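Proteins get letters first, then strands, A, B, ... in listed order; numbering begins at 1 in each. Every value quoted in this text rests on a predicted model; they were computed, and no experiment measured them.
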There are 2 protein chains.
Amino acid sequence: MANVSISTVSRVLNNPDLVAKDKREKILEAIEQLNYTPNALARGLIHKRTQTLGVIIPDISNLFYAEVIRGMEDSAHESGNNLIICNTVNDQARRLASVKVLSEKQIDGIVITSEPIYPDSYELFRQLNIPIVLAATHSLEYEIPSVRVNDEQAAYDATEYLIRKGHKRIGMISGSTLDPISGLPRIQGFMRALRTHGLEATPEIRIEYANYHFEESYEAMKKLYAKFPELTAVFASSDERALGAISYLHENRIQVPEQVSVIGFDNTRMAGMSYPKLTTVAQPLYQMGFQAVRKLDQLINGKQLEELRTYMSHWIEERHSVRDININ
Amino acid sequence: MANVSISTVSRVLNNPDLVAKDKREKILEAIEQLNYTPNALARGLIHKRTQTLGVIIPDISNLFYAEVIRGMEDSAHESGNNLIICNTVNDQARRLASVKVLSEKQIDGIVITSEPIYPDSYELFRQLNIPIVLAATHSLEYEIPSVRVNDEQAAYDATEYLIRKGHKRIGMISGSTLDPISGLPRIQGFMRALRTHGLEATPEIRIEYANYHFEESYEAMKKLYAKFPELTAVFASSDERALGAISYLHENRIQVPEQVSVIGFDNTRMAGMSYPKLTTVAQPLYQMGFQAVRKLDQLINGKQLEELRTYMSHWIEERHSVRDININ
DNA sequence: AATGGTCATGAAAAGCTTTTCATGACAAAT
DNA sequence: ATTTGTCATGAAAAGCTTTTCATGACCATT
């Protein structure tokens, strides 16, 4: 339509100053008229780059991940990428299948959240030769970049916070010791804080539920309270667990925080909406997502990473669910 | 490596029975050995199909959308598709840009959530000639398939529910009348229920906040209570609004539901975690997402849609935030 | 024995772009 | 006037598949 070759059109799109002004304008006009848009598949085929990243996530409907993804999405937008999100329902087979599909679609890299990296996963990454970054998880065995919080220390800090508020009989609703990512480290941090401050850590003070859902956490609090009724504070290893615990306490007319204090973990948006508002260990969820994608982008572009394993700082977000026993 | 032509390899992958058994096995072995995976870009280029769908969403970190996306993701998985998710932060320019990028990436279709369809959007869809489905929104002007709930009726039902529980002085925390999707219809339903049951609807009984966030809703409740202190029940037009309202009431020692009842809207997972647990108008969020993607898939595959505009049924999820005044 | 048909396979085009290389025009410099 | 260099442009290959068409081998039928 503009009486030029395909090459020239391509140049107008990628290097406009290489083509004479009159032709350029004619071409631009034709593009407008014909409603032409370049085909990213063909481009990807040549450049071996699709400007698309994959995200493997266990459960998008979980507020925790929702906020992490938000950060990822913003970061991706900033670096001109799109995100394909694969919900894997905590199923290793589905996870591997997703990685394979993403790789076939020639995405430029993948960020994997929350899961420990098993040898079969690593083997697959190696085979596919695809850049990987871990968010809210890490791997000590393999050299994979990661962005997360120091869970052991965070749990330590949460427990110490309760101790500083005068609590001596502290219970914990924890994840599974078999979960090396957000289960075990938090338990270890809890134990260490107790030990450091000369408090006894008998088996009665902790209840373990792999499932972090509200209803199970309600049950967990019930059982914990039954076997450890003298407790004055509870460290729940996620906000949802804390809310389940609070729900049980409310229903049994146990005042929070007057009678029992509760501290959570994560600082999802829910934490600010409960009654009483939840004091919790805050993770920079948005930032973790943001940084993970940024790191992936650097990795893809062959830039030197500042650090392989990034540990972002956590803090205690003080609200109204913990009472200072020293004061009154 | 297997001493065969490219065509034969292709056949093994797509039509295995067209190739002789011995060669087939040799090829399969070579594929294994070489770690070969087909390139979806090249495939997409030929078939004009990428098995990838786009999702335009205003805010992924919002629990409402998180659950809708979960349904979309499951549905996509079922039909062999992946989802590219674009967070648009409620910015029309960014929205249009996202649609353009998705189209360049040759995705097979897009589902758009929650936004009204403006003429410029529609014009773009037409130009790009791309299948579109609307989720949690619809368009009366244009012939675009949609999946949503009847908001006017749902609001009517919520209000009538309160009336049946004996409430006569009912306030509302609403969205903006300028929002034709989830703002105005809910207000209209509220008004209609009042009218139908012979209750007066003065301007004092409603407070309007375009922003649905918790903090603003706290403020909204404060103002509503100030100008309408006789109210015995509040219809909050989202769960987050309801939680903000409850927070204000709690802090001012107004018992929920003993003194003031609150009903929400959406039935996000938060609703079951608050204290008291929130009675709310439930939307089938997961199902809406699921059906929207299913509909898009049908549209793409040229199947006849059962209906252009699907209205899914809502219901009242009874929990503990509404008191029946008739009883005591 | 000759013809027709089936079947497995390979060659090549097409899908859409980018990029390299070649070409020819023109200006400038000797 | 001739050479050198610059610049705009086009042709063609490459990226990786799928699919159509052609080919040749082999079997079966008359």
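- Between the side chain of A/Ser75 and the main chain of A/Phe290, a donor-acceptor pair closer than 3.5 Å is present.
- Legend: residues meeting ring pair (Phe, Tyr, Trp, His ring centres under 6.0 Å) with A/Tyr122, ordered by chain and number and at least two apart, are A/Tyr142.
- Of the residues in residues 15-34 of chain A, none lies under 4.0 Å from DNA chain C by heavy-atom distance.
- Counting any heavy atom pair closer than 4.0 Å across all strands shown, A/Thr8 reaches sugar-phosphate atoms only and no base atom.
- For B/Glu141, the side chain to side chain contact (heavy atoms under 4.5 Å, CB included) partners at least two apart in sequence or on another chain are B/Ser139.
- For B/Pro185, the side chain to side chain contact (heavy atoms under 4.5 Å, CB included) criterion is met by B/Asp151, B/Glu152, not counting sequence neighbours.
- Within a heavy-atom distance below 4.0 Å of DNA chain D, the residues of residues 35-51 of chain B found are B/Tyr36, B/Thr37, B/Pro38, B/Asn39, B/Ala42, B/Arg43, B/Ile46, B/His47.
- For A/Ser10 and A/Ser7, the side-chain atoms include no donor-acceptor pair closer than 3.5 Å.
- Contact annotation for A/Val4: backbone-only contact, meaning every heavy-atom pair under 4.0 Å involves sugar-phosphate atoms and none involves a base.
- Residues that satisfy the ring pair (Phe, Tyr, Trp, His ring centres under 6.0 Å) test with A/His138, not counting sequence neighbours, are A/Tyr311.
- Among pairs with a residue in residues 112-136 of chain A, those fulfilling salt bridge (Lys or Arg N to Asp or Glu O under 4.0 Å) read A/Arg95-A/Glu115, A/Glu123-A/Arg126, at least two apart in sequence or across chains.
- Taking B/Tyr118 as the reference, nothing meets the ring pair (Phe, Tyr, Trp, His ring centres under 6.0 Å) condition, with sequence neighbours excluded.
- Toward the 5′ end of DNA chain C lies the nearest nucleotide of B/Ser5, the other residue of the pair B/Ser5 and A/Val9 mapping further downstream.
- Among the heavy atoms of the strands, none lies under 4.0 Å from B/Leu13.
- Atoms CG and CD, from A/Asn82 and A/Gln51 in turn, are 9.0 Å apart once rounded to the nearest 0.5 Å.
- Overall, the helix from C/dA1-D/dT30 to C/dT30-D/dA1 carries an axis bend of 60° between its ends, with five pairs at each end and the value rounded to 10°.
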Table please: side-chain donor-acceptor pairs of residues 52-68 of chain B below 3.5 Å, with sequence neighbours left out.
unit_1: B/Thr52; atom_1: OG1; unit_2: A/Lys105; atom_2: NZ; d: 2.9
unit_1: B/Thr52; atom_1: OG1; unit_2: B/Thr50; atom_2: O; d: 3.0
unit_1: B/Asp59; atom_1: OD1; unit_2: A/Arg70; atom_2: NH1; d: 3.2
unit_1: B/Asp59; atom_1: OD1; unit_2: B/Ser61; atom_2: N; d: 2.9
unit_1: B/Asp59; atom_1: OD1; unit_2: B/Ser61; atom_2: OG; d: 2.7
unit_1: B/Ser61; atom_1: OG; unit_2: A/Arg70; atom_2: NH1; d: 3.4
unit_1: B/Asn62; atom_1: OD1; unit_2: B/Phe64; atom_2: N; d: 2.8
unit_1: B/Asn62; atom_1: ND2; unit_2: B/Tyr212; atom_2: OH; d: 2.9
unit_1: B/Tyr65; atom_1: OH; unit_2: B/Ser114; atom_2: OG; d: 2.7
unit_1: B/Glu67; atom_1: OE2; unit_2: B/Arg269; atom_2: N; d: 3.0

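- The nearest pair of heavy atoms linking B/Ser121 to B/Gln92 is OG-NE2, 3.0 Å.
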Which donor-acceptor pairs under 3.5 Å do side chains of residues 32-46 of chain A form with protein atoms, sequence neighbours excluded?
unit_1: A/Asn39; atom_1: OD1; unit_2: A/Leu41; atom_2: N; d: 2.7
unit_1: A/Asn39; atom_1: OD1; unit_2: A/Ala42; atom_2: N; d: 3.3

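- Of all nucleotides in DNA chain D, those with any atom nearer than 4.0 Å to a heavy atom of chain A start and finish, going 5' to 3', at D/dA8 to D/dC16.
- Looking only at distances, a side-chain donor or acceptor of A/Lys295 sits under 3.5 Å from a matching main-chain atom of A/Leu308.
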